[in-house]
Amino acid sequence: MGLISFLKKAAAGHTDGQKQARYDRANARFNDYNEVVQWYAEEGSNNGNPTILQDYQALAALPFRPGHKATLVGYRNDITRKLGHAAHIGTKQNAWISAFLRPEDGTVYCAYALLRDNNQQFAMMKPYWFLSGSETEAGFKRSVTGII
């Protein structure tokens with residue numbers, strides 16, 4: 001492949017290395033995501049399901065604690081770019097956002113940008129945390145190995 005051709009593909013996000021790197025990152029984050037979902041199912045929700053959203057605007061419309069809207073605005077370009085990865089990967093599915101709400105006040109504490117490929121493998125999995133004061137990521141996770 002010529003240098004010009006490679007640079008054009010790289011600029012468009014169409015290199016095999018970038019695609020494989022996305023899969024690798026998604027696989028590395030899979031256990032963390034499952035732990036967040038497990039905590040939410042046990043502690044955080046009446047129905048056990050996170051709120052599913054299709055775009056940044058829908059996420060921004062959810063309630064956030066004071067100061068966290070500014071954090072969300074800081075993530076805006078990254079979230080929008082992540083949701084656009086479906087076109088680069090060539091999947092027929094759209095990316096989505098899973099938003100996790102605190103049980104005590106209904107505000108967002110975590111949102112994951114997610115994408116599955118045509119084989120139902122996670123091709124993208126990126127967390128965005130909105131934590132206050134003494135909250136930690138570990139406080140919103142529960143091991144899934146104790147269930148199996």
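Values reported hereafter were calculated over all heavy atoms of this structure, with side chains retained and with hydrogens, waters and symmetry mates removed.
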Worksheet, complete the sentence: Residue set satisfying side chain to side chain contact (heavy atoms under 4.5 Å, CB included) with A95, at least two apart, ordered chain then number -> L83, L115, M124
Worksheet item: Does any non-hydrogen side-chain atom of F140 lie less than 4.5 Å from one of Y40?
Response: no
Discussion item. Under the criterion side chain to side chain contact (heavy atoms under 4.5 Å, CB included), I'd like the reasoning laid out for E135 against R65: C-alpha separation, chi angles, the key distance, then a yes or no.
Written reply: CA-CA 13 Å; E135 293 177 331; R65 285 188 174 169; 3.2 Å; yes
Worksheet item: Would you say R142's side chain and E35's backbone share a donor-acceptor pair under 3.5 angstrom?
Response: no
Worksheet item: Passes side chain to side chain contact (heavy atoms under 4.5 Å, CB included), L72 versus Y56? Steps please.
Response: CA-CA 9 Å; L72 176 64; Y56 172 85; 3.7 Å; yes
Worksheet item: Ignoring hydrogens and geometry, is there a side-chain-to-backbone donor-acceptor pair from H68 to V108 under 3.5 Å?
Response: no
Worksheet item: Just wondering, do S98 and T51 contact through their side chains at under 4.5 Å, heavy atoms?
Response: no
Discussion item. Working note: L53 + L62, criterion side chain to side chain contact (heavy atoms under 4.5 Å, CB included); need CA distance, chi angles, decisive distance, verdict.
Written reply: CA-CA 10 Å; L53 310 163; L62 292 176; 3.6 Å; yes
Discussion item. Give me the atom names and distance for the closest heavy-atom approach of I97 to A111.
Written reply: CG2-CB, 4.0 Å
Fill in: Residues which pass ring-ring contact (aromatic ring centres under 6.0 Å, His included) with Y112, listed by chain and number, not counting sequence neighbours
Y33
Worksheet item: Which atom names give the shortest non-hydrogen contact between A113 and K82, and what distance separates them?
Response: CB-CB, 4.3 Å
Worksheet item: Closest approach of F64 and L59, non-hydrogen atoms and distance?
Response: CE1-O, 3.3 Å
Item to complete: List in chain and number order the residues that pass salt bridge (charged side-chain N to carboxylate O under 4.0 Å, His left out) with R81, two or more places apart in sequence or in another chain; answer none if no residue qualifies.
Response: D78
Discussion item. Is there a side-chain contact between V36 and P127 in this structure, where contact means two heavy atoms from C-beta onward sitting under 4.5 Å apart?
Written reply: no
Worksheet, complete the sentence: dist N94:CG -> R116:CZ (nearest 0.5 Å) comes out at 14.5 Å
Discussion item. Counting C-beta onward and ignoring hydrogens, is there a side-chain heavy-atom pair between W129 and T71 closer than 4.5 Å?
Written reply: no
Response to the item:
Tightest non-hydrogen contact, residues P50 and A99, listed as CB-O, 3.4 Å
Practice prompt. Take C110 and K141, measure what side chain to side chain contact (heavy atoms under 4.5 Å, CB included) needs, and give me the verdict at the end.
Written response: CA-CA 11 Å; C110 181; K141 293 180 180 181; over 6 Å; no
Worksheet item: Roughly how far, to the nearest 0.5 Å, is CG of D32 from CE of M125?
Response: 9.5 Å
Discussion item. Between Y109 and F130, does the ring-ring contact (aromatic ring centres under 6.0 Å, His included) criterion hold? Intermediate values first, please.
Written reply: CA-CA 5 Å; Y109 67 86; F130 306 94; 9.4 Å; no
